[in-house]
Amino acid sequence: MKITGTFLDEITHDIPALNWDESEWDRDFAAMRRIGIDKVILIRCGHMKYAAYPSEVLRRAEGALTPPTDLVEMFLRLAEKHRLKFFFGTYYSGRDWLAASYDANRESDLMNAVCDEFHQRYGRHSEAFGGWYLSQEINTSASFNVVECYKQVGAHCRGLADLPILISPGINGVKNRRENLPYGQRKRLAMNLNEFRDEWEWIYSEISGTVDIAAFQDGHVDIWELPEFMAVNKELADKYGIELWTNAETFDRDIPGWMPPIKWEKLYYKLEAAKQAGITNGITFDFSHFLSSNSCYPAAAGLLRNYCRWANINQKQETVE
């Protein structure tokens with residue numbers, strides 16, 4: 001089970017910006033290709049008032065700033081050059097979807113308009129455009145508003161371009177944003193295996209036929225719990241006709257507030273758990289920050305060497321299809 005895709009995150013939320021120019025991104029796309037990555041996923045085309053491209057829709061609706069660089073155009077151009085498929089990530093407003101005031105129809109309409117703009121301006125002209133990514137990350141049925149958005153926006157995207165639709169949910173586990181609580185308290189608040197089955201039975205039943213691929217974040221539960229959670233997840237995904245990938249996180253959730261590259265041993269256990277569950281496709285968050293020898297983190301180069309040895313990849317030779 002190898003990593004064949006990566007998120008692209010320069011509308012950064014909780015990690016540092018790389019501040020690369022096109023030549024540096026070009027070098028990193030080449031590095032991705034050399035280790036067998038064949039798809040890149042824009043994690044979001046905008047967040048609140050920041051946008052990855054000069055969007056008229058977001059400027060009018062959200063007062064979005066006009067960026068100095070059109071990242072969508074650049075990423076598509078580099079994806080074409082390096083023979084990668086590009087998944088377009090939808091807009092994330094930052095509004096709280098658990099609040100009573102959240103309007104799923106309004107959010108869906110806004111995301112649909114952004115997808116229209118992307119497809120008209122870029123997608124229909126690009127050979128690299130290969131899929132859609134619905135950017136909201138959920139972990140329980142309490143996020144029913146997002147499930148509704150998935151259904152509305154997914155159907156709209158499929159009408160624009162009938163390409164794979166991807167989500168990357170999480171598990172409401174012991175590591176799910178509870179860094180300031182003692183481990184025992186975090187464990188009591190965490191979802192157990194039966195609760196996970198019940199929650200995702202309903203979610204999968206709702207999004208079946210709209211979402212094609214679910215790439216679950218693998219960092220929210222203790223590593224020794226992963227095999228059981230992945231086995232249940234694979235069973236449910238197969239039942240509802242959704243392809244299950246893993247999002248093999250290459251940053252370390254056990255070091256809160258810093259998010260450095262993960263220790264190789266931990267990534268090894270996570271990849272082995274995915275393989276054991278019958279998952280054959282993996283993506284990561286994300287190559288450029290945490291797994292690339294070009295990263296701002298020096299330890300990323302060592303993680304890449306260890307991963308390539310495990311996966312029997314020669315970093316010096318480009319992967320041949």
Side-chain angles (χ1 to χ4, degrees), residues 1-7 36-39 41 43 85 87 130-144 146-147 150-151 154 163-176 187 190-251 253 262 265-286 307 310-312:
M1 209 293 301
K2 297 180 181 179
I3 295 171
T4 60
T6 181
F7 283 102
I37 287 176
D38 60 16
K39 63 189 77 69
I41 304 134
I43 199 163
K85 288 299 181 183
F87 281 61
W132 304 95
Y133 173 64
L134 308 182
S135 63
Q136 297 132 309
E137 301 169 11
I138 66 173
N139 54 38
T140 71
S141 60
S143 300
F144 60 88
V146 174
V147 172
Y150 283 168
K151 291 158 69 174
L163 295 169
I165 297 173
L166 167 69
I167 61 173
S168 187
I171 301 169
N172 188 19
V174 70
K175 301 181 187 181
N176 188 32
K187 191 65 179 174
M191 174 184 290
N192 64 41
L193 197 61
N194 289 332
E195 290 168 334
F196 175 80
R197 181 188 291 275
D198 291 344
E199 294 284 314
W200 279 92
E201 179 93 41
W202 178 79
I203 295 171
Y204 275 138
S205 71
E206 287 291 306
I207 64 176
S208 177
T210 300
V211 171
D212 300 301
I213 307 158
F216 267 72
Q217 302 165 35
D218 67 0
H220 289 115
V221 300
D222 285 322
I223 286 173
W224 47 89
E225 296 181 299
L226 263 181
E228 290 182 319
F229 276 94
M230 285 183 166
V232 168
N233 204 354
K234 185 70 165 64
E235 175 191 333
L236 290 174
D238 288 349
K239 177 180 178 179
Y240 289 100
I242 293 173
E243 187 175 351
L244 185 66
W245 294 357
T246 189
N247 177 359
E249 294 177 339
T250 40
F251 67 93
R253 288 187 183 269
I262 199 169
E265 180 184 12
K266 295 177 182 178
L267 180 58
Y268 163 78
Y269 287 134
K270 296 195 298 177
L271 293 172
E272 288 289 339
K275 185 167 67 172
Q276 179 182 328
I279 298 170
T280 58
N281 207 335
I283 61 176
T284 187
F285 182 86
D286 67 39
Y307 166 72
W310 173 81
N312 196 27

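For reference, positions follow the sequence shown, starting with 1. For the numbers below, each heavy atom of this structure counts, side chains included, while hydrogens, waters and symmetry mates do not.
- Interatomic distance, I41 CD1 to T6 OG1, rounded to the nearest 0.5 Å: 7.0 Å.
- In this structure, the separation between CG on L166 and OH on Y133 is 6.5 Å, given to the nearest 0.5 Å.
- Counting all heavy atoms, side chain and backbone alike, L163 lies closest to W132 at O-CD1, 4.0 Å.
- Counting heavy atoms from C-beta on, the side chains of D212 and E243 never come closer than 4.5 Å.
- W202 places no side-chain N or O within 3.5 Å of a backbone atom of T140 that could act as its donor or acceptor partner.
- Side chain of T250 to main chain of F285: a donor-acceptor pair is present (N/O by atom type, distance under 3.5 Å, no hydrogens or angles).
- A214 approaches I242 most closely through the heavy-atom pair N-CG2, 3.8 Å.
- I43 approaches E137 most closely through the heavy-atom pair CD1-OE2, 4.3 Å.
- Counting non-hydrogen atoms of neighbouring residues, nucleotides and ligands closer than 6.0 angstrom, the OH atom of Y269 reaches no more than 12 such neighbours.
- Donor-acceptor pairing under 3.5 Å is recorded for the side chains of S168 and N247.
- No side-chain heavy atom of N176 sits less than 4.5 Å from a side-chain heavy atom of Q217.
- Two residues are said to be in side-chain contact when any heavy atoms from C-beta on lie closer than 4.5 Å; L271 and Y307 meet this criterion.
- Taking CD1 of I283 as the start and CG of D38 as the end, the distance is 11.5 Å to the nearest 0.5 Å.
- Residues W200 and I171 are not in side-chain contact: their nearest non-hydrogen atoms beyond the backbone lie 4.5 Å or more apart.
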### Query
Are W245 and T4 close enough, and set up right, to give a side chain to side chain contact (heavy atoms under 4.5 Å, CB included), and what steps lead you there?
CA-CA 10 Å; W245 294 357; T4 60; over 6 Å; no
### Message
Between I223 and K266, is the side chain to side chain contact (heavy atoms under 4.5 Å, CB included) condition met? List the steps.
### Response
CA-CA 7 Å; I223 286 173; K266 295 177 182 178; 3.5 Å; yes
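- Residues S141 and I203 share a closest heavy-atom pair of N-CD1, 3.9 Å.
- Between the CE atom in M1 and the OG1 atom in T280 there is a gap of 8.5 Å [rounded to 0.5 Å].
- Distance NZ/K151 to CD/E206: 4.0 Å, rounded to 0.5 Å.
- Ring to ring, F216 and F229 are not that close: their centroids are 6.0 angstrom or more apart.
- With rounding to the nearest 0.5 angstrom, the OG1 atom of T210 is 12.0 Å from the OH atom of Y150.
- Shortest non-hydrogen contact noted between I37 and I3 is CG1-O, 3.8 Å.
- V146 pairs in a side chain to side chain contact (heavy atoms under 4.5 Å, CB included) with only one of the listed residues (L134, I207, I138), which is I138.
- Take E195 and apply the side-chain hydrogen bond (donor to acceptor under 3.5 Å, both in side chains) test, not counting sequence neighbours, and it matches no residue.
- When the side-chain hydrogen bond (donor to acceptor under 3.5 Å, both in side chains) test is applied to K85, no partner is found at least two apart in sequence or on another chain.
- Residues N172 and N139 approach most closely at N-CB, 3.7 Å, considering heavy atoms.
- Identified under the salt bridge (charged side-chain N to carboxylate O under 4.0 Å, His left out) test for residues 214-234, with sequence neighbours left out: K187-E225, D218-K270, K234-D238.
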